[in-house]
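Order of the sequence lines fixes the chain letters, A, B, ..., with proteins taken first and strands second; residue numbering starts at 1 for each chain.
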Amino acid sequence: MSDHPPPAPLVALVVGPHEAYAAGPGLRESWPLAEVASRVARMIGSIHPRWVVWSAENALRGVVAAGVDVPRSWDLAEAHRLLHGGWRATPGDVWAGCRGLRVDDVPVPRRGRQAGFDGDLFDLAERSVDELLTESGHLRADALEGWATGSERLGRLADLALTCQREQEGSLRARGGDGAERLIRTVWSESAAAVLCLELERDGLPVDRLAAEDLISAAAGPRPRDDADAARIRAQRDHAVLRHAPGRERADLRNPAQVRTLLQSVGVDVPHTRAWVLEPYRPTHALVDALLTWRKNERVATTYGYRWLDEHVGADDRLRGRWTACDGAAGRMTAQNGLHNLPAPLRPAIRAEPGYVFVRADLGQVEPRVLAVVSGDRAFAEATRSDDLYAPVAAKLGIERSVAKVAVLAAMYGQRSGAAGEALKDLERAYPVAMDLLDRAYADGVARRSLRTYGGRLIPFGIEPVPADPPRADGAGVPGSEPSGIRPDVDRGGSDAARGRFARNAIIQGSAAELFKAWAATVRHAVRPLGGQIVLCLHDELLVHVPQARAGEAQRAVQDALGRASHTWAGTDVVRFVADASVITRWSEAKD
DNA sequence: GATTTCACGTA
DNA sequence: CGTACGTGAAATCC
């Protein structure tokens, strides 16, 4: 492969409260805050650097806010999460990770301590105000905040960032083989995802406010004029249920215990009142039917109602929330303010701006395809050649497609009982390598052994792999030996079986999240020249907002991006990934 | 006031 | 057909 451009120069960017600092090859500059965005943009145009940042939040939020496209970064926080697992990734955590210091001892900012407790006593332990490192070698808690003033100090923080980058890249390379490049690419795409999160927060998701008001009104009633009006509307909603229970009109539908008693009064005896338990009673009990309808409406009224609209949809009709590039467990993206769990009935309200459309694209059967990559199962990979993976599996096993699907899902997600039982045995004979990967992940979870996703993310369980960890025959995971000092000390409670299921799920879900982010990062670059932007990421689905005239190009770009991202991520084209991409105006359209 | 439980939305 | 996460209301703990 000789088509790679020369590696981008690494330039550290540190943004302090009063000024910023950039340090790279032949470069040491202190910048006024007001000039950071323009200088970054200019440097991207000239030397195309990869920006080394303590976090995208620290160094790039202002740059992104100014509308600058930051194509390449090395996010020390995201790399730290990848290397060491978990979610905490302050500069102090990153430094501790690089130095093999215990994360338990990382200094915590004073405001993080118990409210009302005077922390000054403890801060004396940090001795001198000039020292960047504490006596125990940790980065001081306020290194990037109060302490980071003056070009001398910022320069030291920039140098430290470059040191951490070298250290992180070094430990990735130390794992050796073709796995190393893969881990480094994971850092690249995770870093890009962190920048994408800033863009998602900046731009928001376009909402048709009037449509949203209509949909909310249909579920929750008209917008209340005052508290008394709100109480009246609420009582009206409640009455639609309570009129089916004469004599018990005082019952509180928002209190599960009272609901259970209420249901008992009409002869429905259930251990709890969750929807799936009540669903069977729906046709025979009008009260249950009314209650379940009430629950849907109540969800909209409380969580996605007028308050939600007023607080999270801006004057520019964009829904905004905080985004994170990786969650605590397996590394999926997360979003707040309903961006990730907007009820389907409200989706018609997500509408492209006039003159724009959405390209909506979602990965098909992504988790079994990821399993084929992670396990290296040649036979299972063969099945991914098909648009519908379950069809060739069914053919190979000589069973119905529906049975094959249930069996594959059962193997991946845990249930080993029921109708899938017989087909599962066939599955293990047909795809022993893939099934073995799942079994070993389960066993790792039971034994509290940490594991790694395909892209190298540590899923910590407390017990790190010992240096003499046996190599995996399939090449998956490449478990590394963690410096013993920084053990994240994660205690995932629950039963053996619960930990086993968690581990089995995490290695698949987490690996799928990496492929998704690699895809998203590629799409982000590909649609920008078309005036397009990613406005929503939903685990296996992308929503791209693009001028109508460029819709076809964007649609093709999204497909091409998947081909390139999956080839690079998986290191092969043997496993095929597929996406369904359609051009729509409202999110509710083209929902398969 | 902070934490836990219940419930349910998305993938 | 499991797992993950975010949200809100009520109960519970301190």
Side-chain angles (χ1 to χ4, degrees), chain A residues 87 114-116 219-220 234 252-260 270-279 291-305 307-308 311-312 321-347 350 362-368 370-371 402-403 405-421 423-424 438 441-442 445 453 459 492 494 497-513 516 536-543 587 591-592:
Chain A
W87 187 83
Q114 194 102 42
R234 217 167 80 135
D252 181 358
L253 297 174
R254 293 161 191 82
N255 180 325
Q258 289 190 35
V259 170
R260 191 166 166 249
V270 283
H272 53 81
T273 70
R274 289 175 164 109
W276 69 84
V277 172
L278 296 180
E279 194 60 44
L291 176 67
L292 290 174
T293 302
W294 177 91
R295 285 245 177 96
K296 294 276 185 199
N297 292 336
E298 182 74 3
R299 169 67 45 185
V300 173
T302 55
T303 307
Y304 305 103
R307 191 178 62 185
W308 168 79
E311 285 181 9
H312 305 307
R322 297 300 300 254
W323 286 81
T324 61
C326 84
D327 68 21
R332 277 185 168 187
M333 295 175 78
T334 62
Q336 297 184 319
N337 299 345
L339 283 157
H340 267 182
N341 40 14
L342 198 69
L346 289 182
R347 291 185 176 193
I350 306 304
D362 68 306
L363 300 173
Q365 304 167 340
V366 61
E367 293 192 338
V370 162
L371 171 60
S402 58
V403 180
K405 179 177 176 176
V406 168
V408 169
L409 295 177
M412 284 198 308
Y413 300 150
Q415 190 73 316
R416 310 226 129 204
S417 63
L424 267 170
L438 295 170
Y442 187 92
T453 62
I459 298 160
R492 297 194 187 281
R499 289 197 311 278
R501 285 194 304 268
F502 168 82
R504 179 167 46 196
N505 182 263
I507 198 166
I508 299 300
Q509 189 189 96
S511 301
F516 176 81
L536 188 74
C537 296
L538 196 46
H539 306 316
D540 66 353
E541 178 176 353
L542 282 173
L543 214 50
W587 192 14
K591 184 79 179 163
D592 44 8

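The side chain of Arg299(A) sits closest to dG9(B) out of dT3(C), dC1(C), dG9(B). Of the candidates dG6(C), dA4(C), dA11(B), dG6(C) carries the atom nearest the Gln336(A) side chain, counting heavy atoms from C-beta on. Side-chain proximity of Ala410(A) to dC8(B), dC5(C), dC1(C): nearest is dC1(C). The nucleotide whose nearest atom lies closest to any side-chain atom of Thr302(A) is, among dC1(C), dA4(C), dA9(C), dA9(C). Among dC5(C), dA11(B), dA7(B), the nucleotide with an atom closest to any side-chain atom of Arg295(A) is dA7(B). Picking from dA7(B), dC5(C), dA11(B) the nucleotide with the shortest atom distance to the side chain of Asp540(A) gives dA11(B). Distance from the side chain of Phe502(A) is smallest for dT3(C) among the nucleotides dT3(C), dA11(B), dA7(B).
Note: CG (Leu424(A)) to C1' (dC1(C)) measures 12 Å, nearest angstrom. Rounded to an integer number of Å, the gap from Asn505(A) CG to dA11(B) P is 16 Å. Distance Arg499(A) CZ to dT3(C) C1': 16 Å, rounded to the nearest Å. Note: CG (Asn341(A)) to P (dA4(C)) measures 16 Å, nearest angstrom. Regarding Trp308(A), its CH2 atom lies at a distance of 13 Å from the C1' atom of dT10(B), rounded to whole Å. Note: NZ (Lys405(A)) to C1' (dC1(C)) measures 11 Å, nearest angstrom. One can place CD of Glu541(A) at 12 Å from P of dT10(B), the figure rounded to the nearest angstrom. If you measure from atom CG of Asp327(A) to atom P of dT10(B), you get 19 Å, rounded to the nearest angstrom.
If you check distances only, the side chain of Arg332(A) does reach the base of dA11(B) with a donor-acceptor pair under 3.5 Å.
Scanning for side chain to side chain donor-acceptor pair (under 3.5 Å) contacts around Arg307(A) gives an empty result, with sequence neighbours left out. With sequence neighbours excluded, the residues forming a ring pair (Phe, Tyr, Trp, His ring centres under 6.0 Å) with Trp323(A) are His340(A), listed by chain and number. Judged as a side-chain contact (heavy atoms from CB on, under 4.5 Å), and not counting sequence neighbours, the contacts of Ala325(A) are Glu78(A), Ala193(A), Ala194(A), Cys197(A). Take Gln336(A) and apply the side-chain contact (heavy atoms from CB on, under 4.5 Å) test, not counting sequence neighbours, and it matches Arg322(A). Legend: residues meeting salt bridge (charged side-chain N to carboxylate O under 4.0 Å, His left out) with Arg260(A), ordered by chain and number and at least two apart, are absent.
Proximity of a side-chain donor or acceptor of Asp327(A) to a complementary backbone N or O of Ala330(A) within less than 3.5 Å is detected.
The phosphate of dC8(B) has neither OP1 nor OP2 within less than 4.0 Å of any side-chain N or O from Thr303(A). For Asn337(A) and dT7(C), the shortest distance from a side-chain N or O to OP1 or OP2 is below 4.0 Å.
Looking at heavy-atom distances under 4.0 Å, Ala330(A) makes no contact with the nucleic acid at all. The residue Ile508(A) sits apart from the nucleic acid: no heavy atom pair falls under 4.0 Å. No contact: Ala506(A) has no heavy atom under 4.0 Å from any strand. At a threshold of 4.0 angstrom between heavy atoms, the contacts of Ala257(A) with the nucleic acid are absent. At the heavy-atom level, Arg307(A) lies under 4.0 Å from the strands shown only through sugar-phosphate atoms.
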Using a cut-off of under 3.5 Å, enumerate the N/O to N/O pairs linking the protein to nucleotides 10-12 of chain C.
from: dA11(C); atom 1: OP1; to: Asn255(A); atom 2: ND2; distance (Å): 2.5

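Between Pro368(A) and Met412(A), some side-chain heavy-atom pair lies under the 4.5 Å cut-off. Side-chain contact between His539(A) and Phe516(A): absent, with no pair of heavy atoms (C-beta onward) separated by less than 4.5 Å.
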